[in-house]
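Values reported hereafter were calculated over all heavy atoms of this structure, with side chains retained and with hydrogens, waters and symmetry mates removed. Residue numbering restarts at 1 for every chain, and letters A, B, ... go by the order of the sequence lines.
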Amino acid sequence: MDRVYIGELRAHIGDRVTIRGWVHNKRSSGKIRFLLVRDGTGVVQSVLSKGNAPDELFQLFDELTQESSLAVRGTVRADERAPGGVELTIEEIQLLQLAQDYPITPKEHGIEFLMDLRHLWLRSSKQHAILRIRHEVIRAIREFFDGRGFTLVDAPIFTPAACEGTTTLFETEYFDLGKAYLTQSGQLYAEAAAMALGKVYCFGPTFRAEKSKTRRHLTEFWMVEPEVAFNDLNDDMDLAEAFVEHIVGSVLGNRAAELKALERDTRLLENVKRPFPRISYGEAVEILHKNALPFEWGNDLGGTDETVVSQQFDRPVMVHRYPAKMKAFYMKRDPANPDLALAVDVLAPEGYGEIIGGSQREDDYETLLRRLEENGLPREPFEWYLDLRRYGSVPHAGFGLGLERTVAWICGLDHIRQTIPFPRTIYRLRP
RNA sequence: UCCACAGUAGCUCAAUGGUAGAGCAUCCGGCUGUUAACCGGAGGGUUGCAGGUUCGAGUCCUGCCUGUGGAGCCA
């Protein structure tokens with residue numbers, strides 16, 4: 001079998017091989033023809049010249065359309081004139097299917113048009129690069145936790161109630177048991193698992209029915225959530241910075257070609273090394289005031305606020321101890337100031353905003369019960385969660401990292417929707 | 001939900017209230033090393049929908065639809 005992948009052609013110079021793929025583009029000049037073939041591992045230019053090939057082959061070449069599927073047999077040659085330095089002298093073309101009127105031409109297109117054709121857009125080289133970096137980030141995430149004794153514990157996607165009681169959830173009928181909701185976080189379940197296994201993480205899709213219309217939001221996105229028994233907020237921040245450093249380092253080390261294809265300036269990514277600066281919410285507010293931004297203590301940091309704060313640093317910054325009032329009920333209060341929650345957000349540089357949100361969890365039964373009431377949450381669906389504080393409660397902490405926001409930042413994209421194969425936004429359910 | 005912007009050829013965009021155009025794509029022709037190739041030609045339109053103002057509306061006004069960006073919310 002002489003079949004090889006385009007990515008391996010360099011090791012086959014002088015060989016007669018067969019590649020199988022799709023027509024990426026073609027060019028012609030009089031009696032010479034250039035066919036660019038893509039197979040997922042790369043693109044190779046293959047050449048046909050008059051005098052060296054039969055007329056039937058020229059005929060077939062001229063009929064080929066963009067994205068037609070085919071097999072090409074030929075001899076591999078090194079040639080400086082070819083993109084990539086390697087090309088194929090065509091001896092035989094086997095057409096598998098002639099594509100009709102491929103809509104995505106090698107020219108500019110608008111985002112709406114490309115999103116409607118997302119199933120075809122994935123064939124473009126930049127989308128390849130993004131999806132490969134997404135894969136690398138996922139691989140690095142698993143590698144990081146698996147190498148540190150964490151156990152992957154999947155959380156359910158159907159849940160009986162809101163985890164945090166703040167955001168709007170997708171609702172569905174669940175047989176005779178009433179309403180069920182698509183999960184907005186696996187955290188509460190991760191906490192239960194941490195009490196069983198010590199160090200755990202869950203990694204799966206999460207759903208938010210908020211009608212968010214920004215470059216940072218999807219209605220369906222992936223989140224990885226570690227949870228560690230006996231960790232406090234400082235341990236949590238130690239874990240978060242090591243985690244982010246590992247992810248960025250893995251992409252830099254293993255996906256340099258993809259970053260280059262995206263024209264990403266990697267110098268800013270090289271900076272992502274421990275320790276990350278740690279500032280309190282109060283210090284963040286001071287930074288905003290120094291930059292003449294009107295900001296009232298007690299409000300949450302908005303998109304531009306986050307950008308201004310993160311611009312003060314050359315790497316991700318961790319903002320901790322937010323006003324408890326605006327944070328979720330399960331976050332533990334700071335013993336030094338009960339108005340503050342032991343929470344931490346990690347803000348990515350370059351205006352990419354919050355990629356991690358985490359906290360030390362409330363571990364006292366009575367306090368947690370009071371928080372549920374203060375937040376107007378029903379007790380019954382949380383009984384099992386309260387059990388975790390009845391039976392051997394311990395300090396513990398964790399965080400959630402948004403996969404797509406992280407990929408958008410590392411790739412330097414202007415919008416989160418390109419970081420997931422088939423994005424779900426408020427106005428997009430297809431394809 | 002609120003605010004702003006946009007919708008013209010398959011795509012990306014032009015067009016002072018006065019005959020709807022270009023580039024790319026498609027089709028035809030040319031070119032023996034092209035690099036989003038290039039050169040010549042052809043076809044391609046209910047200007048998002050419904051009203052209104054006007055001698056005349058792609059252009060101005062009203063409503064609606066669709067999309068984009070932002071706010072809020074958050075990963």
Candidate nucleotides B:A71, B:G33, B:G69, ranked by approach to the side chain of A:R216 - the nearest: B:A71
Sugar-phosphate only, base, or nothing, as touched by A:Q66 at under 4.0 Å among non-hydrogen atoms: nothing
Residue A:K213, side-chain heavy atoms: nucleotide from B:U68, B:C74, B:U34 that is nearest: B:U68
Rounded C1' spacing from B:C38 to B:A25 in Å: 16 Å
Touch class at under 4.0 angstrom, heavy-atom based, for A:T105 against every strand present: sugar-phosphate
Any-strand Watson-Crick or G-U partner of B:G17, both distances under 3.5 Å: none
Nearest listed nucleotide, side chain of A:S29, among B:A75, B:G72, B:C31: B:C31
Worked verdict on A:F243 versus A:F145 for ring-ring contact (aromatic ring centres under 6.0 Å, His included): CA-CA 8 Å; A:F243 182 50; A:F145 290 123; 4.7 Å; yes
Rounded interatomic separation in angstrom, taking CZ from A:R428 and C1' from B:G67: 9 Å
Touch class at under 4.0 angstrom, heavy-atom based, for A:I104 against every strand present: nothing
5' precedence on RNA chain B between A:M326 and A:T425 (nearest-nucleotide basis): A:T425
Distance, P atom - from B:C2 to B:C11, rounded to whole angstrom: 30 Å
Base-pairing mate for B:C11 - Watson-Crick or G-U, with both contacts under 3.5 Å: B:G23
Upstream residue (5' side of RNA chain B) when A:L301 and A:D414 are each assigned their closest nucleotide: A:D414
Side-chain ion pair, A:R77 and A:E87, N-O less than 4.0 Å: yes
Touch class at under 4.0 angstrom, heavy-atom based, for A:F113 against every strand present: sugar-phosphate
Opposite nucleotide pairing with B:A75, Watson-Crick or G-U, both atom distances under 3.5 Å: none
Residue A:K31, side-chain atoms from C-beta onward, closest of B:G69, B:A75, B:U32: B:U32
Between B:A50 and B:U16 - P atom distance, rounded Å: 24 Å
Spacing between A:D62 atom CG and B:C28 atom C1', to the nearest angstrom: 12 Å
Phosphate contact (B:G69 OP1 or OP2) by A:H415 side-chain N/O below 4.0 Å: yes
Touch class at under 4.0 angstrom, heavy-atom based, for A:P103 against every strand present: nothing
Touch class at under 4.0 angstrom, heavy-atom based, for A:S28 against every strand present: base
B:A6 versus B:A15 - spacing of their P atoms, nearest Å: 13 Å
Salt-bridge present (A:D116, A:R428; N to O < 4.0 Å): yes
Below 4.0 Å: OP1/OP2 of B:U1 and any side-chain N or O of A:K211: yes
Euclidean distance for P, B:C60 against B:U47 (whole angstrom): 16 Å
Check: A:E87 side chain, B:G33 base, donor-acceptor under 3.5 Å: yes
Nearest to side-chain heavy atoms of A:V47, which nucleotide of B:G72, B:G33, B:G69: B:G33
A:F221-B:A75 aromatic stacking (under 5.5 Å, under 30°): yes
Closest to side chain of A:D101, choosing from B:G72, B:U26, B:A75: B:U26
Residue A:E354, side-chain atoms from C-beta onward, closest of B:C74, B:A75, B:U34: B:A75
Donor-acceptor pair (no angle test) under 3.5 Å: A:H109 side chain, B:C11 base: no
A:R27 CZ - B:G30 C1' separation (whole Å): 19 Å
Watson-Crick or G-U wobble partner of B:C5, both distances under 3.5 Å: B:G67
Nearest-angstrom distance, C1' atom, B:C73 to B:G17: 45 Å
Ion pair A:K327/A:D345, N-O distance below 4.0 Å: yes
A:F329 and A:F382 aromatic ring geometry - parallel, tilted or perpendicular at 30°/60° bounds: perpendicular
Under 3.5 Å donor-acceptor pair, A:E112 side-chain atoms to B:U66 base atoms: no
Sugar-phosphate only, base, or nothing, as touched by A:N25 at under 4.0 Å among non-hydrogen atoms: sugar-phosphate
